[in-house]
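Note sheet for the following structure.
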Amino acid sequence: MATESPATRRVQVAEHPRLLKLKEMFNSKFGSIPKFYVRAPGRVNIIGEHIDYCGYSVLPMAVEQDVLIAVEPVKTYALQLANTNPLYPDFSTSANNIQIDKTKPLWHNYFLCGLKGIQEHFGLSNLTGMNCLVDGNIPPSSGLSSSSALVCCAGLVTLTVLGRNLSKVELAEICAKSERYIGTEGGGMDQSISFLAEEGTAKLIEFSPLRATDVKLPSGAVFVIANSCVEMNKAATSHFNIRVMECRLAAKLLAKYKSLQWDKVLRLEEVQAKLGISLEEMLLVTEDALHPEPYNPEEICRCLGISLEELRTQILSPNTQDVLIFKLYQRAKHVYSEAARVLQFKKICEEAPENMVQLLGELMNQSHMSCRDMYECSCPELDQLVDICRKFGAQGSRLTGAGWGGCTVSIVPADKLPSFLANVHKAYYQRSDGSLAPEKQSLFATKPGGGALVFLEA
């Protein structure tokens, strides 16, 4: 499956209201008809937060919300991008001269990341131009990967325009790498699930090499997504990249402590692999090797025997060079314990004990505590929303996505779903101060959706 290319489906556009509306808007915008359409879904990460870039497996599923792009290749080199949402202005450039501005994570830059990734993979200097109209229904900056879905969608658009073939795994790897043009040092989960998702199943996504395994979720429970309405754009802030660097530094200090070749180590998983020990044993090594008090750059340099200049230029990313404190112990503790929770979650799904929903819920609750206290990627609104979800019947609830805002995901027994939705809506969204804009409010049950596709009009 992973070695296949994304599927191409012939559809009657008139029978799909969203495609039909997009076709009509495209025609009024560009005065022509789209040649094809591409969709790429968002995702919800059920468990395994902030560990993909450390080399560890994660457990997401695709959601039904997606990015949909109508496309018409043109004979010139002009790339014209438009969005059905008036908040996102039109953009045009030459397909031969793609410039991505890291200082401004504007919507069109995510499209350019996907396009540039495919262009560079095939070593092409000249790309054909195209007219594209983008329509997305994933809430932006909500932790459901709206930006990665746009990168993946643009990658598949470009591949289709070129008439080339790549497997889903190759596409996922190219798009994960190319999203870094925007300045985020992500790990690859979002792009992988966007391409490798299948309806009806969550996936355990493993890295190096990239592969996906089905995880059958419990039939008696539903996963519910709730948006805290606090937006967090990880390309616009440094929180995310600081965490990536803290994990990198923790890996180097742990490797040095264990007399490994620390300068070659980038990820916490590599330390475990080189030592050949369990995640539980890695937690003990972390206790011995690192102290809970924050590290400053000078202490890190002393531990590694390097100069401040070497730390800044050879280890830290450009936007983390001025950071003065690094919480290495806390970040490593989160990563190793969260990686273990992912494996326990998968094992419980496979063994399906009677109290499966309760056990999975406990793991999700532990994950949120670790994200809040050890990784410090929660916020007061997320913590409040998680508490409300648990109060009204969720067996487990946690932040999902990068955090600092965005959404929670909760596991809810199916028979409690109607009362759960009504009560959470009342307690969180219908606050007396009326501070939450109605258009940002989203609370919905979700089931595992399919991956990226190309649609041709039948």
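Any value given below was found using the heavy atoms of this structure, including those in side chains, with hydrogens, waters and symmetry copies removed. For clarity, every value in this text was computed on a predicted model and none was experimentally measured.
Of the inter-residue distances, the one linking Leu382 atom CG with Cys389 atom SG reads 10.0 Å to the nearest 0.5 angstrom. Atom CG in Leu343 sits 6.5 Å away from atom CG in Leu279 (nearest 0.5 Å). How far CG of Leu159 is from CZ of Arg164: 9.0 Å, rounded to the nearest 0.5 Å. Here the CE atom belonging to Met356 is positioned 7.5 Å from the CG atom belonging to Leu217, to the nearest 0.5 angstrom. To the nearest 0.5 Å, atom CZ of residue Arg211 and atom CG of residue Leu196 are 12.0 Å apart. Atoms CD1 and CG, on Ile174 and Leu156 in that order, are 11.0 Å from each other to the nearest 0.5 Å.
Remark: the Asn319 side chain and the Ser238 side chain contain no N/O donor-acceptor pair separated by less than 3.5 Å. A donor-acceptor contact closer than 3.5 angstrom links the side chains of Tyr56 and Gln272. Ser194 and Gln191 are not linked by any side-chain donor-acceptor pair at a separation below 3.5 angstrom, with hydrogens and angles left out of the test. No side-chain donor-acceptor contact under 3.5 Å links Asn365 and Arg398. Side-chain contact of Glu72 with Ser32: a donor-acceptor pair under 3.5 Å is present, judged by distance alone. For the residue pair Asp383/His368, the side-chain donor-acceptor check at 3.5 Å is satisfied. If you check the side chains of Gln119 and Thr158, you find no donor sitting under 3.5 Å from an acceptor. Judged by distance alone, the side chains of Gln366 and Glu362 never bring a donor and an acceptor atom under 3.5 Å apart. Side-chain contact of Ser367 with Glu338: a donor-acceptor pair under 3.5 Å is present, judged by distance alone.
Residues Val67 and Val134 have side chains in contact (heavy-atom distance under 4.5 Å, counting atoms from C-beta outward). The side-chain heavy atoms of Leu79 and Asn131, taken from C-beta on, include no pair separated by under 4.5 Å. With contacts defined as side-chain heavy-atom distances shorter than 4.5 Å, the pair Ser178/Lys116 does not qualify. Ser57 has its side chain out of reach of Phe207: every pair of non-hydrogen atoms, C-beta onward, lies at least 4.5 Å apart. Inter-residue side-chain proximity for Glu49 and Cys371 is flagged as met; some heavy-atom pair is nearer than 4.5 Å. Counting heavy atoms from C-beta on, the side chains of Met364 and Ile411 come closer than 4.5 Å. The shortest distance between side-chain heavy atoms of Leu127 and Val161 does not fall below 4.5 Å. At a threshold of 4.5 Å between non-hydrogen side-chain atoms, the residues Leu81 and Asp90 do not count as touching.
Looking at Arg248, its side chain never comes within 3.5 Å of a backbone N or O of Arg267 through a donor-acceptor pair. In this structure, the side chain of Ser145 does not engage the main chain of Ser148 through any donor-acceptor pair within 3.5 Å. Thr320 contributes a side-chain N or O that, together with a main-chain N or O of Ser317, makes up a donor-acceptor pair within less than 3.5 Å. A donor-acceptor distance shorter than 3.5 angstrom exists from the side chain of Tyr428 to the backbone of Ser228, with no hydrogens or angles considered. With hydrogens and angles ignored, the 3.5 Å screen pairs a side-chain donor or acceptor of Ser94 with a backbone N or O of Asn96. In this structure, the side chain of Glu15 does not engage the main chain of Val11 through any donor-acceptor pair within 3.5 Å. A distance-only check finds a donor-acceptor pair linking the side chain of Tyr336 to the backbone of Leu268 [under 3.5 Å]. Using a distance-only test at 3.5 Å, with no hydrogens or angles considered, no donor-acceptor pair links the side chain of Ser397 to the main chain of Ala394. Within the 3.5 Å criterion, the main-chain N or O of Ser442 finds a donor-acceptor partner in the side chain of Tyr429. Of the possible polar contacts, one joining the Asn45 side chain to the Gly48 backbone as a donor-acceptor pair under 3.5 Å is found.
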Step by step, would you call Val58 with Ile51 a side chain to side chain contact (heavy atoms under 4.5 Å, CB included)? CA-CA 7 Å; Val58 290; Ile51 62 174; 3.8 Å; yes

Apply side chain to side chain contact (heavy atoms under 4.5 Å, CB included) to Leu68 and Val38, showing your working. CA-CA 6 Å; Leu68 185 61; Val38 171; over 6 Å; no

For Leu421 and Leu443, what are the C-alpha separation, side-chain angles and deciding distance, and is it a side chain to side chain contact (heavy atoms under 4.5 Å, CB included)? CA-CA 7 Å; Leu421 293 172; Leu443 171 70; 3.8 Å; yes

Using the rule given for side chain to side chain contact (heavy atoms under 4.5 Å, CB included), can you reason through Ile118 versus Leu166, listing the C-alpha separation, both sets of side-chain angles and the distance that settles it, and then say yes or no? CA-CA 10 Å; Ile118 298 296; Leu166 286 171; 4.1 Å; yes

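Other residues, nucleotides and ligands contribute over 12 non-hydrogen atoms within 6.0 Å of the CG atom of Asn97. Other residues, nucleotides and ligands place no more than 12 heavy atoms under 6.0 Å from the CE atom of Met369. Heavy atoms from other residues, nucleotides or ligands lying under 6.0 Å from CD of Glu120 number more than 12. The local environment of CZ in Arg180 is crowded, with over 12 non-hydrogen atoms from other residues, nucleotides or ligands closer than 6.0 Å.
A salt bridge between Glu376 and Arg243 is absent, with no side-chain N of the basic residue lying under 4.0 Å from a carboxylate O of the acidic one. Taking 4.0 Å as the cut-off between side-chain N and carboxylate O, Arg18 and Asp66 count as a salt-bridged pair. Using a 4.0 Å cut-off between a side-chain N of Lys or Arg and a carboxylate O of Asp or Glu, Lys21 and Asp135 do not qualify as a salt bridge. Ion pair Glu173/Lys177 not flagged as a salt bridge, since none of the NZ, NE, NH1 or NH2 atoms sits closer than 4.0 Å to an Asp/Glu carboxylate oxygen.
If you run salt bridge (charged side-chain N to carboxylate O under 4.0 Å, His left out) between Glu198 and each of Lys216, Lys203, Lys168, only Lys203 comes through.
For the ring-ring contact (aromatic ring centres under 6.0 Å, His included) condition, the pairs that include at least one residue of residues 381-409, sequence neighbours left out, are His50-Trp404, His239-Trp404.
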For residues 444-458, dump all side-chain donor-acceptor pairs below 3.5 Å to protein atoms at least two apart in sequence or in another chain.
residue	atom	partner	partner atom	Å
Glu457	OE1	Lys23	NZ	3.2
Glu457	OE2	Lys23	NZ	2.9

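Aromatic ring centres of Tyr37 and Phe26 lie farther apart than the 6.0 Å criterion allows.
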